[in-house]
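In this chain, numbering begins with 1 at the start of the sequence shown. Everything numeric in this text was worked out from a predicted model, so none of it was measured.
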Amino acid sequence: MSELDVQIPSAFDPFADANAADSAAGTKEYVHVRVQQRNGRKCLTTVQGLKKQYSYSKILKDLKKEFCCNGTVVQDPELGQVIQLQGDQRKNVSTFLIQAGIVKKENIKLHGF
């Protein structure tokens, strides 16, 4: 029995290293551009994850004028402010954000069908 007296830690967290690695990887902020199906052929494009320093209303105004669609800024309790646009505007929004210098290309995630 004296050979087997090994101390086994009872409070071992096997994911401690993974959580520490994720905290460093989570510093890269992504802008998520999603499309949601409404009814029939109608779609809704949402943009979330923009930095707080930008004026969402001014970005929305430029997007609406550029793509001839309607939109709004919605306050979500979990996600913060989210821009909603009518129609499938994923590619248009991503190119607009890159050309305007708001987001780098590698920080944009496109989601949808």
Side-chain angles (χ1 to χ4, degrees):
M1 195 73 164
S2 63
E3 310 172 350
L4 300 175
D5 286 338
V6 178
Q7 294 289 334
I8 298 175
S10 61
F12 176 70
D13 185 11
F15 300 107
D17 294 335
N19 289 339
D22 285 345
S23 64
T27 58
K28 189 172 188 179
E29 294 293 325
Y30 287 107
V31 174
H32 298 277
V33 181
R34 294 185 171 90
V35 66
Q36 297 174 351
Q37 188 72 33
R38 289 190 335 146
N39 47 0
R41 294 175 44 192
K42 306 292 182 182
C43 293
L44 188 71
T45 303
T46 60
V47 181
Q48 74 179 54
L50 292 173
K51 293 182 181 177
K52 304 273 190 247
Q53 66 188 11
Y54 296 119
S55 172
Y56 283 74
S57 59
K58 289 184 180 180
I59 293 173
L60 176 66
K61 183 178 177 183
D62 290 340
L63 288 170
K64 287 167 53 173
K65 188 172 280 196
E66 182 77 21
F67 307 130
C68 299
C69 65
N70 200 4
T72 185
V73 177
V74 177
Q75 181 65 35
D76 189 79
E78 291 179 5
L79 306 174
Q81 289 187 330
V82 178
I83 295 177
Q84 291 183 343
L85 295 169
Q86 287 182 348
D88 187 3
Q89 307 288 343
R90 288 175 291 174
K91 292 181 182 175
N92 295 336
V93 169
S94 64
T95 55
F96 177 85
L97 293 175
I98 293 167
Q99 288 177 352
I102 297 171
V103 183
K104 295 180 183 172
K105 185 174 182 176
E106 58 269 8
N107 291 350
I108 293 182
K109 295 264 187 182
L110 293 178
H111 304 279
F113 334 115

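Here the straight-line distance linking atom CG of L85 with atom CZ of R90 works out to 13.0 Å at 0.5 Å rounding. Rounding to the nearest 0.5 angstrom, the gap separating the CG atom in L63 from the CG atom in N70 is 12.0 Å. Atom OG1 in T45 sits 12.5 Å away from atom NE2 in H111 (nearest 0.5 Å). In this structure, the separation between NZ on K58 and CG on L60 is 13.0 Å, given to the nearest 0.5 Å. The line from NZ of K64 to CD1 of I83 is 11.0 Å long, rounded to the nearest 0.5 Å. How far OH of Y30 is from NZ of K104: 12.5 Å, rounded to the nearest 0.5 Å.
Across T95 and N92, no two heavy atoms sit closer than the pair OG1-O, 2.9 Å.
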Residues C43, Q37; criterion side chain to side chain contact (heavy atoms under 4.5 Å, CB included); working and verdict: CA-CA 5 Å; C43 293; Q37 188 72 33; 3.9 Å; yes

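Hydrophobic clustering of Ile, Leu, Val, Met, Phe, Trp and Tyr side chains at less than 4.5 Å, counting indirect connections, keeps L44 apart from I59. At a threshold of 4.5 Å between side-chain heavy atoms, the hydrophobic network of Ile, Leu, Val, Met, Phe, Trp and Tyr places I102 and V31 in one connected group. Under the 4.5 Å side-chain heavy-atom criterion for Ile, Leu, Val, Met, Phe, Trp and Tyr, L110 and V103 are members of the same hydrophobic cluster. Y54 and V82 are members of different hydrophobic clusters when ILVMFWY side chains are connected at heavy-atom separations under 4.5 Å. Connection of I98 to F96 is established within a shared hydrophobic cluster, with ILVMFWY side chains joined at heavy-atom distances below 4.5 Å, either directly or through further cluster members.
Heavy atoms from other residues, nucleotides or ligands lying under 6.0 Å from CD of Q53 number more than 12.
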